[in-house]
Amino acid sequence: RDPTIQSAKSVEDVIPAESRSQAEKVMAEFRRCRGQNLLLVMDGWDELPLYLHTKSLFQNLIAYPETLNLHFSSVIITSRPIASSDLYRCISSRVEILGFTPTEVKDYFTEALGGESQAQKLQDQLKERSLIAASCFLPLNAAIISHLFRAQNYSLPTTLHEVFTLLVVGCLKRYVAKQKGEREGQSIVSLDDLPLDLRQFFTNVYTLAYHGVMDNRVMFPLEYLKTHGLPTISETLGLMQGVESFTSLESSPSFYFLHLSVQELLASFYISKLPTEEQVLVFGKLFGEPRFAAVFRFFTAFTKLESDELRKIVAYIVQNGDKSQLLYLLHGMYEAQAPSLCQFVGSQLGGELNLRYTTLSPVDSLTVGYFISCICLTTVGEFKADLSYCSLDYYRITFFVNELSKCTSSAITQKTTGAGVSSCLELTLDLSVNRVGAEGAALLCGGSIHSLRTLDLSI
């Protein structure tokens, strides 16, 4: 994340030495023995700008050490798996840390919540919140969830938007409590209703988050603040941390947000406060950029995309035919929990959701299930979902069915009369050429999807 690291042109630039001459002496010795006994640890490959992945000092150190006369050096790189595929062709071995197993999640919750009773209550609620449950394999996320569970009187939010909004509110409460006492801290309940003296500090922080997203930055040195005419961050409100540069001799720190999702949430909050015309212009710039998906889903949750101008963006995404962009929209609709928005998208789709040949993750499967369930609640007639060739296995199908069955059951309840049951929609699901298996087929055919009229499971 350090800007000094990202701008490095030679190995000497990244050596944490007291002076340039000392760094040059160290590297001269390593080059003399052609890198033998030299171990380089590159922590955070996924946080480098994409253009540095293909042509940079770091790429040379990994793939072409001989060009730097470091033939025998060894390199360890850390990265999120989602951003490391470009490394696979030039590394000798790969270790993926999967995080908590289900047993370890249970053990962690038991320890964090002080006993099995509350841990079991938390896990029971997670069964109804598949998206939140799926995030708990990451220890940091498990810590956030257990903290919010206690703070919210042993109840859980449903969406990631709710999770990170509550986390931000919690940080603000803690800040105010330290400044003015516990009672004043507990008065903070919403990002839209903050005390005047806190509001300006918070505005500075979420404005910085916005500029960082637009520039695809996660680290903010003081020079960046000056360049953009932003005020110095005198109060981080517990949402940011300052860190000294790894290589620079200057004493001024750089700042970063506690969690990338916190930055993206605050950036979307900033955009939601702009006039609608400016919101459209911002997403015109962000469209297709690395941070678009994360910011757009939170923005959708804040605004429900209710204005006519924003609905035009939705219509463009649907009609453009880009299935990855359509998935981003489905994620946003889940975060917004807005059936009326799903109804609008359904009308733009013309009665068919086509994700054929699109590999769906478990979370993708959940958001598709939510969307179809809302269509079942709000639409009369016929609707088809083509999910063939989507790499759906039993695990992904459980996410899909669990979400889909919630609202289709509600639809039946709403349509029940003394004369019997009448479904509001006839649903066709094409799940051909997937890896559903016998258990997945049984789940799909088990009767929980009440609007289902046709199901294709052919291989």
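We use all heavy atoms of the structure for the numbers below, so side chains are in, but hydrogens, waters and symmetry mates are not.
The closest donor-acceptor contact from the side chain of Gln118 to the backbone of Leu113 lies at 3.5 Å or more, if one exists at all. Within the 3.5 Å criterion, the main-chain N or O of Arg217 finds a donor-acceptor partner in the side chain of Gln263. Judged by distance alone, the side chain of Thr110 and the main-chain N or O of Gly115 form no donor-acceptor pair under 3.5 Å. Side chain of Gln125 to backbone of Leu156: a donor-acceptor contact under 3.5 angstrom is found. For Ser146 (side chain) and Ala143 (main-chain N/O), a donor-acceptor pair under 3.5 Å exists by modelled atom type.
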Problem - Derivation and outcome, side-chain contact (heavy atoms from CB on, under 4.5 Å), residues Ser187 and Glu184 - result: CA-CA 5 Å; Ser187 68; Glu184 290 293 323; 4.3 Å; yes
Exercise for the section: Might you work through the side-chain contact (heavy atoms from CB on, under 4.5 Å) test for Ile313 and Ile317, ending with a clear yes or no? Expected result: CA-CA 6 Å; Ile313 293 180; Ile317 291 174; 4.1 Å; yes
Exercise for the section: Evaluate side-chain contact (heavy atoms from CB on, under 4.5 Å) for Tyr224 paired with Leu208, printing each intermediate quantity in order. Expected result: CA-CA 10 Å; Tyr224 180 84; Leu208 180 60; 4.0 Å; yes
Handout entry: Intermediate values then yes/no, ring pair (Phe, Tyr, Trp, His ring centres under 6.0 Å), Phe287 and Tyr316
Key = CA-CA 11 Å; Phe287 204 76; Tyr316 171 78; 5.7 Å; yes
Exercise for the section: Decide side-chain contact (heavy atoms from CB on, under 4.5 Å) for Cys136 and Asn141; before the verdict, give the C-alpha distance in whole Å, the side-chain angles of both, and the deciding distance to 0.1 Å. Expected result: CA-CA 5 Å; Cys136 288; Asn141 289 347; 5.7 Å; no
Practice task
Under the side-chain hydrogen bond (donor to acceptor under 3.5 Å, both in side chains) rule, what do Ser155 and Asn153 come out as? Steps first, then yes or no, please.
Solution key: CA-CA 6 Å; Ser155 64; Asn153 197 25; over 6 Å; no
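Among Asp192, Thr207, Thr203, the single residue meeting the side-chain hydrogen bond (donor to acceptor under 3.5 Å, both in side chains) criterion with Lys273 is Asp192.
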Would you be so kind as to tabulate the donor-acceptor pairs closer than 3.5 Å made by side chains of residues 357-365, with sequence neighbours excluded?
{"from": "Thr358", "atom 1": "OG1", "to": "Leu355", "atom 2": "O", "distance (Å)": "3.0"}
{"from": "Ser361", "atom 1": "OG", "to": "Val363", "atom 2": "N", "distance (Å)": "3.4"}
{"from": "Ser361", "atom 1": "OG", "to": "Asp364", "atom 2": "N", "distance (Å)": "3.0"}
{"from": "Ser361", "atom 1": "OG", "to": "Asp364", "atom 2": "OD2", "distance (Å)": "3.1"}
{"from": "Asp364", "atom 1": "OD1", "to": "His331", "atom 2": "NE2", "distance (Å)": "2.6"}
{"from": "Asp364", "atom 1": "OD2", "to": "Ser361", "atom 2": "N", "distance (Å)": "3.0"}
{"from": "Ser365", "atom 1": "OG", "to": "Ser361", "atom 2": "O", "distance (Å)": "2.9"}

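By the 4.0 Å N-to-carboxylate-O rule, Arg291 lies too far from Asp215 to be salt-bridged with it. Between Arg396 and Asp393 a salt bridge is recorded (basic side-chain N to carboxylate O distance below 4.0 Å).
Contact annotation: the side chain of Phe298 never approaches that of Phe269 to less than 4.5 Å [non-hydrogen atoms, C-beta and beyond]. The closest side-chain heavy-atom distance from Asn204 to Leu230 is not below 4.5 Å. You'll find the side chain of Pro195 reaches within 4.5 Å of the side chain of Ile188, heavy atoms only. In this structure the side chain of Leu443 never reaches within 4.5 angstrom of the side chain of Val436, judged on heavy atoms. Between Phe400 and Ile372 the shortest side-chain heavy-atom distance falls below 4.5 Å. The shortest distance between side-chain heavy atoms of Gln59 and Leu52 does not fall below 4.5 Å. In this structure the side chain of Tyr370 reaches within 4.5 angstrom of the side chain of Pro339, judged on heavy atoms. You'll find the side chain of Leu265 stays beyond 4.5 Å of the side chain of His259, heavy atoms only.
With a 6.0 Å radius and a threshold of 12 heavy atoms from other residues, nucleotides or ligands, Arg174 has its CZ atom at or below the threshold. Atom CD of Glu111 has 12 or fewer heavy atoms from other residues, nucleotides or ligands within 6.0 Å. With a 6.0 Å radius and a threshold of 12 heavy atoms from other residues, nucleotides or ligands, Lys323 has its NZ atom above the threshold.
Relative orientation of the Phe371 and Phe383 rings is perpendicular, given thresholds of 30° and 60° on the angle between their planes.
Summarising the geometry of Thr159 relative to Gln337, their closest heavy-atom pair is CG2-CG, 3.8 Å, with the distance given to 0.1 Å. Val262 approaches Phe164 most closely through the heavy-atom pair CG2-CD2, 4.0 Å. A pairwise comparison of heavy atoms in Gln123 and Lys106 identifies OE1-CG, 3.4 Å as the closest pair. Listed here is the closest heavy atom pair of Val75 and Ile62: CG1-CG1, 4.2 Å. What you find for Asn402 and Ser130 is that their closest heavy atoms are ND2-OG, 4.2 Å. Scanning both residues, Val345 and Met333, for their nearest heavy atoms gives CG2-SD, 3.5 Å.
Between Phe299 and Phe283, the distance separating the two ring centers is shorter than 6.0 angstrom. A distance of 6.0 Å or more separates the ring centres of Tyr328 and Phe296. Phe220 has its ring centre no less than 6.0 Å from the ring centre of Tyr256. Two rings, from Tyr395 and Phe399, have their centers less than 6.0 Å apart.
For the atom pair Leu457 CG and Leu429 CG, the distance stands at 9.0 Å (nearest 0.5 Å). For the atom pair Leu166 CG and Ile144 CD1, the distance stands at 11.5 Å (nearest 0.5 Å). Taking SG of Cys445 as the start and CG of Leu452 as the end, the distance is 7.5 Å to the nearest 0.5 Å. In this structure, Glu116 CD and Asp107 CG are separated by 9.0 Å, a value rounded to the nearest 0.5 Å. Atoms OG1 and NE2, on Thr227 and His211 in that order, are 11.5 Å from each other to the nearest 0.5 Å. Between Leu274 atom CG and Leu281 atom CG the span is 9.5 Å, to the nearest 0.5 Å.
In this view, Glu335 satisfies the salt bridge (Lys or Arg N to Asp or Glu O under 4.0 Å) rule with no residue, not counting sequence neighbours.
In this structure, a donor-acceptor pair under 3.5 Å is present between the side chains of Asp386 and Ser388.
Residue pairs meeting the side chain to side chain donor-acceptor pair (under 3.5 Å) criterion with at least one partner in residues 432-447, sequence neighbours excluded, are Asp430-Ser432.
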